[in-house]
Amino acid sequence: MQIYHIPWIYTPVRSVLAIWHQLTKTEIPELAKCSVLMRERSRVEETIYSMQRAGAGSLHVISDFDMTLTRFAHNGKRVPTTHNILDNRLLINEDCTRKMRELLNTYYPIEIDAGRTVEEKLPLMVEWWTKVHELLIDQRIRKDMLAQAVKESSAMLREGHKVFFDHLAELQVPLLIFSAGVGDVLEEVIRQNDVFHPNVHVISNYMDFDHTGVLRAFKGQLIHTFNKREGALSHAARLTELQGRPNVLLLGDSLGDLTMADGVSERENILTIGFLNDQVEERKESYINAFDIVLVKDETMDVPNGILRCITSLGRNK
């Protein structure tokens, strides 16, 4: 009869395990996708469970933009980043296009080189972004042409983006977008997709136009792939919407994106999702070691949407 005398302390543990079995098998079926890699599945489950108990009122989302909220590729063709969208005859000439592509071919392999440290990459990223911005300023880009350039581009948010943006807006969960791209273009992409809700806050490189609407400079401190921590620290403190929201869902496609949550004070739980879009075999190990969840060549928002649905299912009114 000893089987009936299990110490009471084991009962909640058994219950939690049962709940987790239910969560991963039923509530988040997206985690079973073949594109999903996890180093510590148990830690992922524990974090989601803790965030679920706290509810939507304790949550905020921090995300990169280019190749994270936007697709990396579609039908075998690369989808343009916010900088690439500016490659339009309405805005820049052929010589500028050629020079920007030369810079991309020089510096992008460095950005994603798993054999280089962040410290080695930092000055080169500053060099890249500075040169690109100088080229764009020389083109005297007109502000009133940006919307048309976005409209004519093949920019695409990931499949399931509307569910993602609308769900967060409905529950008034703040969405912070940190981007090394061009904020003016980024906002226009979101606006043209009808998902620029009041809960969306963008920290990016913004253009500074003169009184005639012509680009003359870029505002503030340069934001590139590997210095988002500084931007996070300076901006998070000013956003009162984040107060009392210690749980973070972070989305990115670069190891540098992991610092975007460094500005969050009194952080309790953070769940990181990394989109591994390119050079999979070379970078897989480093991504698995860095992110809680890695999505390999997944052009959808299925997994973030599934996790958000789970986290907010018990605490929608909190």
Side-chain angles (χ1 to χ4, degrees), residues 13 16-54 58-64 66-69 71-72 111-121 158 160 164 176 178 225-226 228-229 232 246-264 267-313:
V13 174
V16 168
L17 291 174
I19 289 171
W20 274 126
H21 180 77
Q22 197 69 13
L23 282 177
T24 54
K25 299 301 182 184
T26 307
E27 292 195 42
I28 317 182
E30 293 85 356
L31 289 179
K33 290 180 67 172
C34 60
S35 60
V36 176
L37 300 176
M38 286 179 276
R39 181 180 73 258
E40 295 182 66
R41 185 185 182 98
S42 61
R43 182 190 177 282
V44 170
E45 293 172 346
E46 289 167 8
T47 303
I48 294 173
Y49 178 59
S50 180
M51 294 166 86
Q52 184 192 50
R53 290 186 63 187
S58 297
L59 176 70
H60 71 278
V61 179
I62 301 177
S63 181
D64 173 51
D66 288 319
M67 297 177 284
T68 297
L69 293 178
R71 295 178 188 239
F72 177 78
E111 178 187 332
I112 64 174
D113 185 354
R116 296 191 190 221
T117 66
V118 171
E119 288 70 25
E120 290 176 296
K121 295 178 182 182
R158 289 184 185 269
F164 179 79
L176 275 66
F178 280 91
T225 309
F226 296 106
K228 291 185 178 180
R229 181 177 185 274
N247 293 332
V248 183
L249 180 64
L250 183 147
L251 284 66
D253 74 303
S254 163
L255 297 181
D257 292 331
L258 289 164
T259 64
M260 294 188 297
D262 286 2
V264 180
R267 188 169 68 194
E268 288 185 8
N269 296 289
I270 178 168
L271 186 71
T272 60
I273 301 176
F275 289 88
L276 180 50
N277 301 307
D278 197 15
Q279 293 195 348
V280 173
E281 291 309 315
E282 296 91 332
R283 300 197 288 167
K284 184 189 293 184
E285 183 178 357
S286 62
Y287 271 57
I288 291 174
N289 288 332
F291 288 96
D292 298 315
I293 300 172
V294 177
L295 305 180
V296 178
K297 290 186 175 293
D298 186 337
E299 298 290 354
T300 76
M301 295 296 290
D302 291 351
V303 170
N305 282 337
I307 290 171
L308 277 175
R309 187 178 63 246
C310 178
I311 290 174
T312 60
S313 62

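Taking 4.5 Å as the limit, every side-chain heavy atom of T300 sits out of range of all side-chain heavy atoms of F164. Contact check for K33 versus D302: side-chain heavy atoms found under the 4.5 Å cut-off. Counting heavy atoms from C-beta outward, L271 and L250 have side chains that stay 4.5 Å or more apart. Annotation: side chain of I273 is not in contact with side chain of D292 (no heavy-atom distance under 4.5 Å). The shortest distance between side-chain heavy atoms of L176 and V61 does not fall below 4.5 Å. At a threshold of 4.5 Å between non-hydrogen side-chain atoms, the residues L255 and V118 do not count as touching. Under the 4.5 Å side-chain criterion, counting only non-hydrogen atoms from C-beta, L276 is not in contact with L295. Taking 4.5 Å as the limit, every side-chain heavy atom of N277 sits out of range of all side-chain heavy atoms of V296.
Atom CG of D257 is separated from atom CZ of F226 by 8.5 Å, given to the nearest 0.5 angstrom. Note that the CD atom of E119 and the NZ atom of K121 stand 10.5 Å from one another [nearest 0.5 Å]. Between the CG atom of D298 and the CE atom of M301 there is a distance of 9.5 Å, given to the nearest 0.5 Å. Atom CZ in R71 sits 15.0 Å away from atom CE in M67 (nearest 0.5 Å). Residue I62 holds its CD1 atom at 4.0 Å from NE2 of H60, rounded to the nearest 0.5 Å. Interatomic distance, CZ of R41 versus CD of E46, reported as 12.5 Å (0.5 Å rounding).
E111 and S254 are not linked by any side-chain donor-acceptor pair at a separation below 3.5 angstrom, with hydrogens and angles left out of the test. For the residue pair N269/T47, the side-chain donor-acceptor check at 3.5 Å is not satisfied. At a cut-off of 3.5 Å, with distance as the only test, no side-chain donor of N247 or S58 sits close to an acceptor on the other residue.
For F291, the ring-ring contact (aromatic ring centres under 6.0 Å, His included) partners are Y287, not counting sequence neighbours. Not a single ring-ring contact (aromatic ring centres under 6.0 Å, His included) links F72 to another residue, sequence neighbours left out. In terms of the salt bridge (charged side-chain N to carboxylate O under 4.0 Å, His left out) criterion, D278 has no residue partners (sequence neighbours excluded).
Considering every non-hydrogen atom in both A261 and R267, the closest pair reads O-NH1, 3.1 Å. Listed here is the closest heavy atom pair of G160 and N305: O-ND2, 3.0 Å. The heavy-atom pair separating V280 from K297 by the smallest distance is CG2-CE, 3.8 Å. Annotation for G252 and D64: closest pair CA-CB, 4.0 Å, computed over non-hydrogen atoms. The two residues R283 and D253 make their nearest non-hydrogen contact at NH1-O, 4.5 Å. Residues Q52 and S313 come closest through the heavy atom pair NE2-OG, 3.2 Å.
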(message) Does E299 form a salt bridge (charged side-chain N to carboxylate O under 4.0 Å, His left out) with R158? I'd like the steps, not just the answer.
(response) CA-CA 6 Å; E299 298 290 354; R158 289 184 185 269; 3.4 Å; yes
Note to self: Could you walk me through whether V248 and M51 satisfy the side chain to side chain contact (heavy atoms under 4.5 Å, CB included) test, starting with their C-alpha distance in whole Å, then the side-chain angles of each, then the deciding distance to 0.1 Å, before giving a yes or no?
What the structure shows: CA-CA 9 Å; V248 183; M51 294 166 86; 5.8 Å; no
Next item on the list: Please step through side chain to side chain contact (heavy atoms under 4.5 Å, CB included) for the pair V303 and V36, ending with a clear verdict.
Entry: CA-CA 8 Å; V303 170; V36 176; 3.7 Å; yes
I'd like to know whether V294 forms a side chain to side chain contact (heavy atoms under 4.5 Å, CB included) with K284, so could you lay out the CA-CA distance, the side-chain angles of the two residues, the decisive distance to 0.1 Å, and finally the verdict. CA-CA 8 Å; V294 177; K284 184 189 293 184; 6.0 Å; no
Determine whether T272 and I293 satisfy the following criterion, side chain to side chain contact (heavy atoms under 4.5 Å, CB included), listing intermediate values before the conclusion.
CA-CA 6 Å; T272 60; I293 300 172; over 6 Å; no
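Other residues, nucleotides and ligands place more than 12 heavy atoms under 6.0 Å from the CD atom of E282.
A salt bridge links E30 with R309: at least one charged nitrogen is closer than 4.0 Å to a carboxylate oxygen.
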